[in-house]
Amino acid sequence: MTKGNTTKITDELYRYMLDHNPPLDAIQRGLVETTYATFPDVAGMQSAEEQGPLLAFLVRLTGARHIVEIGTFTGFSTLSMAQALPEDGRIIACDISEKWTAYGREAWAKAGVADRIDLRIAPALDTLRAMPAQPHVDMAYIDADKESQIAYWEELVPRLRPGGLIVTDNTLFHGTVVDESATGSSARGVRAFNDHVSADTRMESVLLAISDGLTLSRKR
């Protein structure tokens, strides 16, 4: 096997990349910094800084108007996608924490996009199963508990319109996908999910080495 790219992402190169991407606005930056300051032990659950502009780019690229997000945390990814939506676009944001999402609510209001976000505090599978069964979702972002990813996928794919997009975060999961000694439930969940996605003929998918691994899946 020939590995085509051997570039190592140093801190200097990472900063260079961010400097050449769309910058975060003041509200996005404030939310990112507040998350790290307030929840230092779990701030890694926040989508990486470069993923905000990427998610917004994908919203505009697909012309998405109806988005489902599984795992909102403090709302950085939600904010990035909502800002890229047209005024009549909507995100159903699924999470189970009032505490974490309260920070998102504040930022969404400051950014003037709170009316585009329907936050549902409940198990995500319950929210998904209560949605219309016919294809109507333009884009989905999965960034939640890894053990349930296949279940989320199976609820989302039938509801995704042809040409619709599912973006899944952490699909390399800190390198544990190739570490057989990593037997935790999250590592097993990600490995099983990746195998499930690559075998699903309803979708075409690519797994990219962006941040902790990002899989883009388009419905055929």
Side-chain angles (χ1 to χ4, degrees), residues 5 7-95 97 100-119 138-144 165-172 174 206-218:
N5 187 348
T7 302
K8 304 298 182 184
I9 305 299
T10 62
D11 289 347
E12 181 181 16
L13 195 56
Y14 183 71
R15 172 50 55 190
Y16 178 88
M17 177 189 70
L18 294 182
D19 287 344
H20 288 77
N21 275 343
L24 302 189
D25 63 32
I27 297 172
Q28 291 174 329
R29 174 63 61 198
L31 182 56
V32 168
E33 293 178 355
T34 296
T35 300
Y36 275 95
T38 309
F39 304 110
D41 294 338
V42 293
M45 292 197 298
Q46 182 171 247
S47 296
E49 182 171 330
E50 65 271 23
Q51 287 176 262
L54 175 59
L55 288 168
F57 180 87
L58 292 172
V59 171
R60 290 188 288 265
L61 182 68
T62 59
R65 305 176 85 86
H66 186 179
I67 299 173
V68 177
E69 178 182 60
I70 310 298
T72 296
F73 190 40
T74 58
F76 169 62
S77 55
T78 328
L79 174 60
S80 300
M81 291 187 287
Q83 289 174 311
L85 279 172
E87 288 187 6
D88 62 345
R90 295 292 181 270
I91 297 176
I92 294 177
C94 305
D95 207 280
S97 173
W100 291 338
T101 55
Y103 291 85
R105 287 183 187 272
E106 183 178 350
W108 305 336
K110 286 180 181 177
V113 295
D115 61 338
R116 302 178 193 178
I117 301 166
D118 178 3
L119 176 62
D138 299 313
M139 179 172 161
Y141 182 45
I142 302 176
D143 187 17
L165 183 69
I166 297 178
V167 182
T168 309
D169 200 13
N170 305 117
T171 48
L172 294 179
H174 318 300
V206 290
L207 196 166
L208 303 171
I210 296 172
S211 188
D212 189 32
L214 199 70
T215 297
L216 306 182
S217 306
R218 177 183 177 275

Legend entry - Verdict with reasoning, D115 to E87, per side-chain contact (heavy atoms from CB on, under 4.5 Å): CA-CA 9 Å; D115 61 338; E87 288 187 6; over 6 Å; no
Legend entry - Working for side-chain contact (heavy atoms from CB on, under 4.5 Å), residues L55 and V59: CA-CA 6 Å; L55 288 168; V59 171; 5.5 Å; no
Legend entry - Worked verdict on Q83 versus D25 for side-chain contact (heavy atoms from CB on, under 4.5 Å): CA-CA 11 Å; Q83 289 174 311; D25 63 32; 2.9 Å; yes
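Going from atom CG of L61 over to atom CG of L165 covers 8.5 Å, rounded to the nearest 0.5 Å. In this structure, the separation between CG on L172 and CD1 on I210 is 10.0 Å, given to the nearest 0.5 Å. Note that CZ of R116 and CE of M81 are 13.0 Å apart. Values are rounded to the nearest 0.5 Å. How far CE of M17 is from CD1 of I9: 7.0 Å, rounded to the nearest 0.5 Å. I91 contributes atom CD1, which lies 8.5 Å from atom CE of M139 (distance to the nearest 0.5 angstrom). Atom OH of Y141 sits about 6.5 Å away from atom CG of L214, to the nearest 0.5 Å.
Listed by chain and number, the residues in a salt bridge (Lys or Arg N to Asp or Glu O under 4.0 Å) with R60 amount to none (sequence neighbours excluded). For D88, the salt bridge (Lys or Arg N to Asp or Glu O under 4.0 Å) criterion is met by R65, not counting sequence neighbours.
Under the 3.5 Å distance criterion, the side-chain polar atoms of T101 are left unmatched by any main-chain donor or acceptor of G104. Side chain of W108 to backbone of G75: a donor-acceptor contact under 3.5 angstrom is found. The main-chain N or O of D169 is never found under 3.5 Å from a side-chain atom of D143 such that the two would form a donor-acceptor pair. Distance alone, capped at 3.5 Å, places no donor-acceptor pair between the E106 side chain and the Y103 backbone.
Between Q46 and L31, the shortest heavy-atom contact is OE1-O, 4.0 Å. Across every non-hydrogen atom of S211 and E50, the tightest pair is CB-OE2, 3.8 Å. A93 approaches I117 most closely through the heavy-atom pair CB-CG2, 4.2 Å. Nearest heavy atom pair, residue P53 against residue P22, reads CG-O, 3.5 Å. When all heavy atoms of S77 and S47 are compared, the closest pair comes out as CB-OG, 3.7 Å. Across all non-hydrogen atoms, the minimal contact from A37 to P40 is O-CD, 3.7 Å.
In this structure the side chain of F76 never reaches within 4.5 angstrom of the side chain of T35, judged on heavy atoms. Contact of the W100 side chain with the M45 side chain is registered, since non-hydrogen atoms from C-beta on lie closer than 4.5 Å. V42 has its side chain within reach of F73: a pair of non-hydrogen atoms, C-beta onward, lies under 4.5 Å apart. Using a 4.5 Å cut-off on side-chain heavy atoms (C-beta onward), T74 and T34 make no contact. At least one side-chain heavy atom of L216 sits less than 4.5 Å from a side-chain heavy atom of L208. Inter-residue side-chain proximity for E49 and R29 is flagged as met; some heavy-atom pair is nearer than 4.5 Å. By the 4.5 Å heavy-atom criterion applied to side chains, L18 and L24 are not counted as neighbours. Put simply, the side chain of I92 reaches to within 4.5 Å of the side chain of H66, judged on heavy atoms.
Heavy atoms of other residues, nucleotides or ligands lying less than 6.0 angstrom from OH of Y14 number more than 12. Open room surrounds OH on Y16; 12 or fewer heavy atoms of other groups in view lie less than 6.0 Å from it.
Looking at D19 and R15, a side-chain N of the basic residue comes within less than 4.0 Å of a carboxylate O on the acidic one, giving a salt bridge.
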